[in-house]
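This is a predicted model, so every value here is computed, not measured.
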Amino acid sequence: MRKAILILLATLSVTYLEAQQNGTFDEEKAILQYQQQMVAGETKQAFETLVSWYYNTNKLYPAMLVAEALQTGTGTEVNMETALALYKAVADTPAPDGDENSKLIIATCCRQYGTLKMVGEEQLTPEGKAYLQRAITLTDDAMALTLLGMLTIDDRKEEGLGYLRRAAERNSIIALELLGEEAASREDMDQAMVYWEKAATTPIYDIAREERRNADLSFLANPNLSTNPTIVEYQRDACYHLADTYFDMEDTKTALTWLDKIVQENDESLILRSYCYFQTDGREGEAIQLLKDIYDQRHNPEVLVHLGILYHYNGQDTVSMTYLEKAKSEGCASASAVYNEFFNH
């Protein structure tokens with residue numbers, strides 16, 4: 001397997017080959033060099049060092065990192081065929097007894113391979129499910145549990161919820177947020193808010209690539225790594241749902257507290273923020289200006305509808321009509337309904 005992989009990496013320099021042939025390879029030096037190169041942004045050189053580390057040691061960890069680099073195109077061109085081959089090679093490795101680091105690596109590669117094999121598929125594939133379940137068997141992998149929950153909940157709800165609940169026990173932000181949505185769909189808002197608050201307050205583990213050492217790899221078990229950008233989105237959604245619920249309870253102060261915890265606000269959360277401002281004495285003008293700023297930046301016609309609503313509540317119906325007419329002209333489906341509700345009695 002290693003020779004086949006190296007054939008596909010023929011564009012690299014031959015320094016890693018020379019190191020092995022001369023018997024001079026220093027693994028600790030290679031690890032340190034790799035970390036320093038990543039910190040410096042020298043991703044191409046870091047990838048060569050990484051391949052050298054893998055070739056000369058044939059260890060699971062550098063094999064996984066090479067696969068990740070090939071998958072993401074970090075320091076090299078994207079090569080999914082080779083990435084999949086490496087992930088599978090590691091995933092199929094027998095897990096040694098008592099070696100927790102190796103189990104974590106193998107489980108991570110099982111999850112990555114299983115997930116990638118389902119890209120473009122409309123449903124959970126047998127091979128993909130088998131590798132996700134192997135990851136769970138090895139380490140009770142929380143991200144694999146979350147993925148299986150997401151992929152099965154529509155067709156087999158109780159099975160999917162079972163996976164998500166197990167992942168939530170491991171503090172998976174995604175699982176917690178989704179369980180909150182499921183509880184809200186049953187109008188169990190007390191339970192929904194418990195899940196959402198846990199999702200909103202669980203820390204995202206900030207792990208830089210240069211910190212990936214070869215000693216303690218326990219971070220691989222954390223389902224909330226900063227290297228997964230969707231984690232931030234799900235945590236934002238949890239904060240938003242909490243804010244929206246408190247706004248409906250007319251507790252705008254607490255609603256704003258949750259909105260303030262969002263790292264990357266989107267139009268939805270900013271619109272809710274504007275309503276919170278509008279309900280706060282002395283901040284009506286700030287609310288309207290926030291909506292104007294959102295529209296100027298992204299030209300979302302839905303924002304015009306909300307401007308029309310706030311101007312109407314502010315007693316400025318002529319201005320309200322202007323914004324609602326503009327929203328209709330820009331194709332916003334909800335604008336006509338709001339206009340009729342306000343002005344066509």
>> Tell me whether the rings of Tyr275 and Phe247 are parallel (<30°), tilted (30 to 60°) or perpendicular (>60°).
In response: perpendicular
> Is Leu304 close to Lys328 at the side-chain level, that is, under 4.5 Å between some pair of heavy atoms?
Replying inline: no
>> Count I, L, V, M, F, W, Y as connected when their side-chain heavy atoms are under 4.5 Å apart, and connections chain through other members. Are Leu290 and Val303 then in the same cluster?
In response: yes
> What orientation do Tyr34 and Trp53 show, parallel under 30°, tilted 30 to 60°, or perpendicular over 60°?
Replying inline: tilted
> Looking at Leu307, Leu270, Asn266, which one forms a side-chain contact (heavy atoms from CB on, under 4.5 Å) with Ile294?
Replying inline: Leu270
> Taking atom types as modelled and ignoring hydrogens, do the side chains of Tyr295 and Asp267 form a donor-acceptor contact shorter than 3.5 angstrom?
Replying inline: no
> Less than 4.5 Å apart, any side-chain heavy atom of Thr57 and any of Phe25?
Replying inline: yes
>> I'd like to know if the side chain of Ser172 reaches the main chain of Ala175, judged simply by a donor and an acceptor atom lying under 3.5 Å from each other, with no hydrogens or angles considered.
In response: yes
> Donor-acceptor pair, Asp244 side chain versus Tyr240 backbone, under 3.5 Å?
Replying inline: no
> With a 4.5 Å heavy-atom cut-off, do Glu182 and Leu178 have their side chains touching?
Replying inline: no
>> If the threshold is 4.0 Å, N to carboxylate O, is there a salt bridge linking Arg166 and Glu169?
In response: no
> Do you see a donor-acceptor pair shorter than 3.5 Å between the side chains of Asn300 and Glu302?
Replying inline: no
> Quick one: CZ on Arg156 to CG on Leu148, what's the gap to the nearest 0.5 Å?
Replying inline: 9.5 Å
> Where is the tightest heavy-atom contact between Ala335 and Ala327, given as atom of each residue plus distance?
Replying inline: CB-CB, 3.7 Å
>> Starting from Trp258, can I reach Val194 by hopping between I/L/V/M/F/W/Y residues whose side chains sit under 4.5 Å apart?
In response: no
> Do Arg273 and Tyr277 have side-chain atoms, one donor and one acceptor, less than 3.5 Å apart?
Replying inline: yes
>> Show the nearest heavy-atom pair for residues Tyr54 and Ala63, with the distance to one decimal.
In response: CE1-CB, 3.5 Å
> For Asp293 and Gln297, does a side-chain donor sit closer than 3.5 Å to a side-chain acceptor?
Replying inline: no
Contacts under 3.5 angstrom, residues 104-119 side chains, donor-acceptor by atom type, not counting sequence neighbours:
{"unit_1": "Thr108", "atom_1": "OG1", "unit_2": "Leu104", "atom_2": "O", "d": "2.8"}
{"unit_1": "Arg111", "atom_1": "NE", "unit_2": "Asp141", "atom_2": "OD1", "d": "3.0"}
{"unit_1": "Arg111", "atom_1": "NH2", "unit_2": "Asp141", "atom_2": "OD2", "d": "3.0"}
{"unit_1": "Gln112", "atom_1": "NE2", "unit_2": "Gln71", "atom_2": "OE1", "d": "3.3"}
{"unit_1": "Gln112", "atom_1": "NE2", "unit_2": "Tyr87", "atom_2": "OH", "d": "3.4"}
{"unit_1": "Tyr113", "atom_1": "OH", "unit_2": "Glu127", "atom_2": "OE2", "d": "2.9"}
{"unit_1": "Thr115", "atom_1": "OG1", "unit_2": "Arg111", "atom_2": "O", "d": "2.7"}

>> Does either side chain, that of Ser320 or that of Asp317, offer a donor lying less than 3.5 Å from an acceptor on the other one?
In response: no
>> Tell me whether Trp196 shares a hydrophobic cluster with Leu179, the cluster being built from Ile, Leu, Val, Met, Phe, Trp, Tyr side chains joined at under 4.5 Å.
In response: no
> Glu177 and Ala199: which non-hydrogen atoms are nearest, and at how many Å?
Replying inline: N-CB, 3.9 Å
> Which atom names give the shortest non-hydrogen contact between Asn224 and Pro203, and what distance separates them?
Replying inline: CB-O, 4.0 Å
>> Assess the residue pair Glu100 and Lys103 against the criterion (side-chain contact (heavy atoms from CB on, under 4.5 Å)); give the C-alpha distance rounded to whole Å, side-chain angles, the decisive distance to 0.1 Å, and a yes or no.
In response: CA-CA 5 Å; Glu100 294 306 313; Lys103 285 185 180 180; 4.1 Å; yes
